[in-house]
Structure formats: C-alpha cells, structure tokens
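Below is one structure, written out as structure tokens, with a few remarks after it.
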Amino acid sequence: MSDALKHECGIALIRLLKPLEYYKEKYGSAFYGVNKMYLMMEKQHNRGQDGAGFASIKLDVKPGERYISRVRSIAQQPIQDIFAQINERINDELTKHPEYQDDVDLQKSNIPYIGEVLLGHVRYGTYGKNSVESVHPFLRQNNWMHRNLIVAGNFNMTNVNELFDNLIDIGQHPKEKADTITVMEKIGHFLDDAVSKIYRDLKKEGYNKNECSPLIAERLKVSKILKRAAKNWDGGYAMAGLLGHGDSFVLRDPSGIRPAYYYKDDEIVVVASERPVIQTVFNVPFEAVKELDPGHAIITKKSGETKIKKILEPLERKACSFERVYFSRGSDAEIYQERKMLGRLLMPKVLEAINNDTKNSVFSYIPNTAETSFFGMIETVEEHLNTKKTESILNGGGKLSAEKVTDILSERPRIEKIAIKDVKLRTFITEDSSRDDLVAHVYDVTYGVIKPTDNLVIIDDSIVRGTTLKKSIIKMMDRLNPKKIVVVSSAPQIRYIDCYGIDMANLETLIAFKAALALLKDTNQYHIVEEVYKKCIAQVHMKDKNIVNYVKEIYDNFTDEQISNKISELLGGEDIKADVEIIFQPVENLHKACPKNLGDWYFTGDYPTPGGNRVVNRAFINFFEGNKERAY
C-alpha cells in the first residue's frame, strides 16, 4: 500500500493439552510451546511492529512458586527482543543448574516462561504514547489464583466512555480510560463476582478453604463471565484471555469484524488472527483450521476440555474486507484467490482507460502487497490478447503467412517492475513530515523501459490519503515521460473513517473526502457541509442506536466516476506532464471478490454497529470545527 496505514494488532494463543514431559519426549524440548509461539508471532509481524508481548501460565504449581510469566517490548524489533530475553533467562538457568537440563519437573518449577498456556500479541501503536505499558498482554493480579486475568486483543471499542462510566457505577476506580484497561476490568469484575459466589456455595456445602481452590476452577463458567462482561461492548474485537488457574478463551465480536481462527487436536489448542499462521507453524491442512464464528468464544478449561460457546447473538456478518485487500498475509488460500479476482475485475475499466491499446501500455504494481492483484489483472490482459489474436487469425481466412501468424502470436502484456520501495527511507521519514523532497523519494523507479508513446498502468491495494501517491509515486512515474499514468486501486474509494481496528480517525485526511468537498465547491453546493454539521450536532446526545450517518450526504450528489475524476485532478497537479487517471474498484466488485468479508463501512458508510455512526459523525464535527482531535 502506498499510504502508510496502521492496523491494530494480532493475537496468538496456545494451550498444550499434554504434560510437558510429552513434548520433551516427542519433540525434544519442554519448550515446545514457547518455540511455537515465537513462530506464530513472527508469522504475524505484519499485523504490528511497534510492540510485542508474551505471557504464560504454568498449571498445578505448588504454593510459593511463580506460575505467571510476562514480557513486553517496544524495541525496534520487539518480537526478537522479547524472545531474546526469554532465551537469555532460560539459558542462564540451565547454565547455573545443569541438573535442570533433562528434568522437565525441575524446569517447570524453576524456569520462567515454560508453561502449558501461552498468549502472544503484536501491536501497532495507533495513537497516544507507544510506551511499554501500552503493550499487551495486560495483567490483572490477585492473590487468589482464579482472579488473575491476562488479556490481549485485536480490537477497538467505540463506546469506551460508556464502558468506563459502567465501571464507576459498579464502584470501581479504573486507573485509565483506555479501552484495553476498561475491557479487562469489566471481565475482571464479573470474574471476581463468579469466584466469590462459587466460594460461598462451596463453604455452605462444607468444604474447607484448601479444598475450594480446585473446585472453583472446575465450576467456574467462563462463558457466563464473558456474557455478562461483553453485554454492552460496541466495536470490533478478537479478545483473548487467560485465567490464573489455567482456563483460556478467545471471544470474537458479533459482526465478525476482527478475524480469529483455531485448530485443535489431542496435543494442542491454538488460536490466531490469521489461518496460514496456524497452517504453517503446525503443518496442518487448510480445512483443519476453522474460523471462529462471530459472537462465539473458544474456551479451554484447565482440564483441557474445549468448547465453542455462543456468547453474544451474532449480527449480520460484516467481516473486515481490508483484511482481504491488504492486512492479512496473502499466503491464505482464499485471500490469494480473492486478491487475484480484485485485479481481474478491474480490467474492463483499465482497458477503457488505455483505449484497448495494450501494445503501447506497460503494466506494473506498487510493491509489495499489490503484487497478487497484479497477477489477476495480467491474467485478464492475457485473456483479452488471446481473444484478439484468435480474431485476427480467423479474419485472415487461412491466407496469413507464417511470419504474420508469428507476429500476431508474439504480442503479450508488457510487464515491468517500475516502482521500487525504499523501506529504510520510509522509516526515517515521519508520517506527518513536511520535507516533501524526502517524501518524494520513498519510491524509486526503473528507467529505460517506458517510451513517450506508452501508457503506464500501475496497481495499488488502496488509496487512502493519496499523500505518497501525489508526492512520490506519480512524480517519479512522470519522470519516465509516459503519455498517460493510470493508477488502479484494487479497493473502492475510502470515504469514511474506521473505528474498529484500522487507524483512520480523521475524515479530512481522506482523498475521497477532499474530492467530494472540492466538487461541492465546484457545483455551488458547499452549503451542504454546514447542513450535515447541524444534523450531526443534533444527534450528539442521542443513544447510539438512533444515530444516522449523515456524512453520506457529502457524497450523495456525485457519481463514483465524478469523485474518481476529481481525485485524479487533485493527485495530478500542474507540475505533472502526463495525463493522470485514477481507477477505483466498484463496491459491488469487492463483494464479488470477497463474498465472506462484506465489512465495507470505510467505502459505504454502512457501519456494522451503532457506535460506528456516532464516531463518523464526531469525526465530521471535528472537521467542521477545525478540531484535530481523534474521533475515537
């Protein structure tokens, strides 16, 4: 993606179902779970590179022995950093105590991080301080083993203020208003409540305090705690948690906005944000990895019993389509085909833009995630050329010379790697840098392959703000002196902010929004902006369920083509010699390509939860008032 766009994070949960001795005998190490967690987190590093965290729980330890371990990092390479710390600690203990080397019981009793329940997290610091205190997993400590709670998630809540007030209403004093703390304290409150109730019941039944502990673990109903805690959550989430005695869970939001996949056999239960992570790390087939249904939780008790429980009533499925377009790794079998289809579906518009002149057109892509869509686009160009070749040969009526037939058959798409991403340069330039000359060099180009008579067609995943496209890519492409530059977005126009995981919090930064405002000015309709503002203000004190997304009215009077043309104009500019045309994927084609992921609110404004409408209206109010605050 040409625009730097940050995603929330990725989760990984591992529950070993056998004693650690089993993994030592079969796989050669009692640290099997730790090693697998390292791989799972590395395979999801695309989901977050600002921070990483790891936590583990040991089952059935003796009183006085540490059973929870946690390590977090915001180092430049946080995953490597936390596992370097883990390895250093493990190796130190093994060096000091050679007797631990082949004794799993001694390892478990004396070496941290080794355990049966493990939770990993990778994070993007989307806003606020990117301190280590902001890195998951979060830990809620208690002397009662059952009341210890570890939480990590891939989520954003739209109603943090309401959830915060709920905690105050029940007598808590949360240390922060952040949604992670709020969510953890909500779960923690009902966990405390459940443990206390079970303890009182056991005392009435005649059990002494010592006998109660294992019975609390057995009787505790995690599904009931989650139902009570998540009742008023509004947002997109895949929430993972560990309880101190060894229960674990992952809960997915009712609309399926954020992804979660799981695999289970007689050795292991594993959950991750992406399917191919599990496939690769555990060498299991595609069909063995299941998607966790929206509104459901996968819960593994301390006993190892694992169940899928419905926690919240599923809503209309609105799984995030950006996961398919960009964020998830393209190695997933379904995502790979979907991205190719996105490229294929764009070709009719591309051919129209170049007047079917494939002979004088060079096709390329913005590295690296647009590559798969590019393959789909090229397959369609080849099909188009094959049809042309067949017609030319048939029209020859069998009278064409061998030389002419060879000439017809030799035409093929002109494919070149034009854009080259300078990753080191991008990390040096801050996102809001005003140093345009440096920004212009984030990408370099391949010289000597474009002629002045050529069209240059280049595909990108999506166009969000258009900053890099305008200041870097189009400028660099123009140096090659093509006749026309056609930039193709495999995603539709991004018109609205996201509040469920992707860091898009301000409307005025979106190029489609800028284009719509420019069109309103051009057509003497800018009064609509103030009208929309007044409608948004009128809803400020309404309940979320009654709020309407009035920001849609900014776009209502214009076709997709009009907005695309205005975007082309805004991103071209007077200093660009070539004709510039921007082509976007129609929303209906996105749905065709990604039929299971119809979450399209950033394109359509159709938010899957009521909180989304509140947030987008707040974003518009902020824009109108010149307030640079985030909308959530």
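Fair warning: this is a prediction, and the values are worked out from it, not measured in the lab.
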Note to self: Can you tell me which residue among Met37, Lys36, Glu42 is in a side-chain contact (heavy atoms from CB on, under 4.5 Å) with Val281?
What the structure shows: Lys36

Next item on the list: Just do the side chain to side chain donor-acceptor pair (under 3.5 Å) check on Asp81 and Gln77 with the steps written out, would you?
Entry: CA-CA 6 Å; Asp81 183 50; Gln77 294 184 307; over 6 Å; no

Notebook entry, point to check: Hey, what do you get for NZ (Lys231) to CG (Leu226), rounding to the nearest 0.5 Å?
Noted result: 15.0 Å

Item checked: Heavy atoms of other groups near Asn208 CG, more than 12 under 6.0 Å -> yes

Next item on the list: For residues 196-229, pull every pair meeting ring pair (Phe, Tyr, Trp, His ring centres under 6.0 Å), keeping only residues two or more places apart or in separate chains.
Entry: Trp144-Tyr199

Margin query: Please check: side-chain N/O of Arg252 versus main-chain N/O of Leu292, any donor-acceptor pairing under 3.5 Å?
Written below: yes

Item checked: Residue pairs involving residues 92-107 (criterion salt bridge (Lys or Arg N to Asp or Glu O under 4.0 Å); sequence neighbours excluded) -> Lys24-Asp102, Arg89-Glu93

Check: When rounded to the nearest 0.5 angstrom, what is the spacing between CD1 in Ile257 and CG in Asp498?
Finding: 8.5 Å

Notebook entry, point to check: Would you say Arg324's side chain and Glu338's backbone share a donor-acceptor pair under 3.5 angstrom?
Noted result: no

Next item on the list: Say whether, by atom type as modelled, one donor and one acceptor occur between the side chain of Gln44 and the main chain of Met41 under 3.5 angstrom.
Entry: no

Notebook entry, point to check: For Arg258, does its backbone N or O pair with a side-chain atom of Asp253 as donor and acceptor, under 3.5 Å?
Noted result: yes

Next item on the list: Go through the structure and list residues passing ring-ring contact (aromatic ring centres under 6.0 Å, His included) with Tyr100, not counting sequence neighbours.
Entry: His97

Margin query: For a quick test of reading the model, state the closest non-hydrogen atom pair linking Pro137 to Gly53 and the distance between them.
Written below: CD-C, 3.5 Å

Notebook entry, point to check: Are the side chain of Lys318 and the backbone of Leu315 linked by a donor-acceptor contact shorter than 3.5 Å?
Noted result: no

Check: Which residues pass the ring-ring contact (aromatic ring centres under 6.0 Å, His included) test with Phe31, sequence neighbours left out?
Finding: none

Next item on the list: May I have all residue pairs that pass ring pair (Phe, Tyr, Trp, His ring centres under 6.0 Å) and include part of residues 59-84, sequence neighbours excluded?
Entry: Tyr38-Phe83, Phe54-Phe83

Check: Between Tyr500 and Thr158, do the side chains contain an N or O donor and an N or O acceptor separated by less than 3.5 Å?
Finding: no

Notebook entry, point to check: Does Arg140 come within less than 4.0 Å of Asp192, counting only side-chain N to carboxylate O?
Noted result: yes

Checklist line | Contact summary for Asn148 and Leu191, nearest pair of heavy atoms | finding: O-CD2, 4.4 Å

Notebook entry, point to check: Which heavy atom of Met157 sits nearest a heavy atom of Val183, and at what distance?
Noted result: CE-CG2, 3.9 Å

Next item on the list: Just grab all the ring pair (Phe, Tyr, Trp, His ring centres under 6.0 Å) pairs involving residues 234-255, residues at least two apart or on different chains.
Entry: His146-His245, Trp233-Tyr237

Checklist line | Counterpart residues, side chain to side chain contact (heavy atoms under 4.5 Å, CB included), relative to Ser328 (two or more places apart) | finding: Arg47, Glu274, Glu323, Ile335

Checklist line | Intermediate values then yes/no, side chain to side chain donor-acceptor pair (under 3.5 Å), Glu305 and Ser303 | finding: CA-CA 6 Å; Glu305 178 189 26; Ser303 64; 4.5 Å; no

Next item on the list: Under the side chain to side chain contact (heavy atoms under 4.5 Å, CB included) rule, collect the residues that match up with Asp201, sequence neighbours excluded.
Entry: Lys197, Glu205

Margin query: Taking the basic N atoms (NZ, or NE/NH1/NH2) and the acidic carboxylate oxygens, is any pair closer than 4.0 Å for Lys310 and Glu313?
Written below: yes

Item checked: Under 3.5 Å donor-acceptor, Asn597 side chain and Cys320 backbone -> yes

Check: Between Val325 and Arg339, which heavy-atom pair has the shortest distance, and what is it?
Finding: O-NE, 3.4 Å

Checklist line | Between CD1 on residue Ile366 and OG on residue Ser373, distance to nearest 0.5 Å | finding: 12.0 Å

Could you pull out all donor-acceptor pairs under 3.5 Å where a side-chain atom in residues 12-22 meets a protein atom, sequence neighbours excluded?
{"from": "Arg15", "atom 1": "NH1", "to": "Lys301", "atom 2": "O", "distance (Å)": "2.9"}
{"from": "Arg15", "atom 1": "NH2", "to": "Lys302", "atom 2": "O", "distance (Å)": "3.0"}
{"from": "Tyr22", "atom 1": "OH", "to": "Glu267", "atom 2": "OE2", "distance (Å)": "2.6"}

Margin query: Using modelled atom types and a 3.5 Å cut-off, is there a donor and acceptor pairing between side-chain atoms of Ser321 and backbone atoms of Gly599?
Written below: yes

Next item on the list: Decide salt bridge (Lys or Arg N to Asp or Glu O under 4.0 Å) for Asp50 and Arg123; before the verdict, give the C-alpha distance in whole Å, the side-chain angles of both, and the deciding distance to 0.1 Å.
Entry: CA-CA 6 Å; Asp50 289 339; Arg123 175 182 186 266; 5.8 Å; no

Item checked: Worked verdict on Glu291 versus Lys596 for salt bridge (Lys or Arg N to Asp or Glu O under 4.0 Å) -> CA-CA 11 Å; Glu291 184 176 2; Lys596 295 180 184 177; over 6 Å; no

Next item on the list: Verify, without hydrogens or angle tests, whether Ser273 (side chain) and Ile11 (backbone) share a donor-acceptor contact under 3.5 angstrom.
Entry: yes

Notebook entry, point to check: Is it true that the side chains of Ser196 and Arg147 contain a donor and an acceptor less than 3.5 Å apart?
Noted result: yes

Check: Taking atom NZ of Lys43 and atom OG1 of Thr280, what is their separation to the nearest 0.5 Å?
Finding: 5.5 Å

Check: Roughly how far, to the nearest 0.5 Å, is the OG1 atom of Thr306 from the CD1 atom of Ile268?
Finding: 11.0 Å

Notebook entry, point to check: Restricting to pairs with a member in residues 253-286, which pass ring pair (Phe, Tyr, Trp, His ring centres under 6.0 Å), not counting sequence neighbours?
Noted result: none

Next item on the list: Mind listing the closest non-hydrogen atom pair of Pro78 and Ser73 along with its distance?
Entry: CB-O, 3.6 Å

Next item on the list: Report the relative orientation of the aromatic rings in Phe322 and Tyr326; use parallel for angles under 30°, tilted for 30 to 60°, perpendicular for over 60°.
Entry: perpendicular

Check: How long is the gap from CG on Leu243 to CG on Leu149, to the nearest 0.5 Å?
Finding: 6.0 Å

Checklist line | ring-ring contact (aromatic ring centres under 6.0 Å, His included) against Phe374, all qualifying residues, sequence neighbours excluded | finding: Tyr365

Check: Side chain of Asp234, backbone of Gly611: donor and acceptor closer than 3.5 Å?
Finding: yes

Next item on the list: For His45, enumerate each residue passing the ring-ring contact (aromatic ring centres under 6.0 Å, His included) test, keeping only those at least two apart in sequence or located in another chain.
Entry: none

Note to self: I'd like to know if Arg228 and Asp193 make a salt bridge, using a cut-off of under 4.0 Å between side-chain N and carboxylate O.
What the structure shows: yes

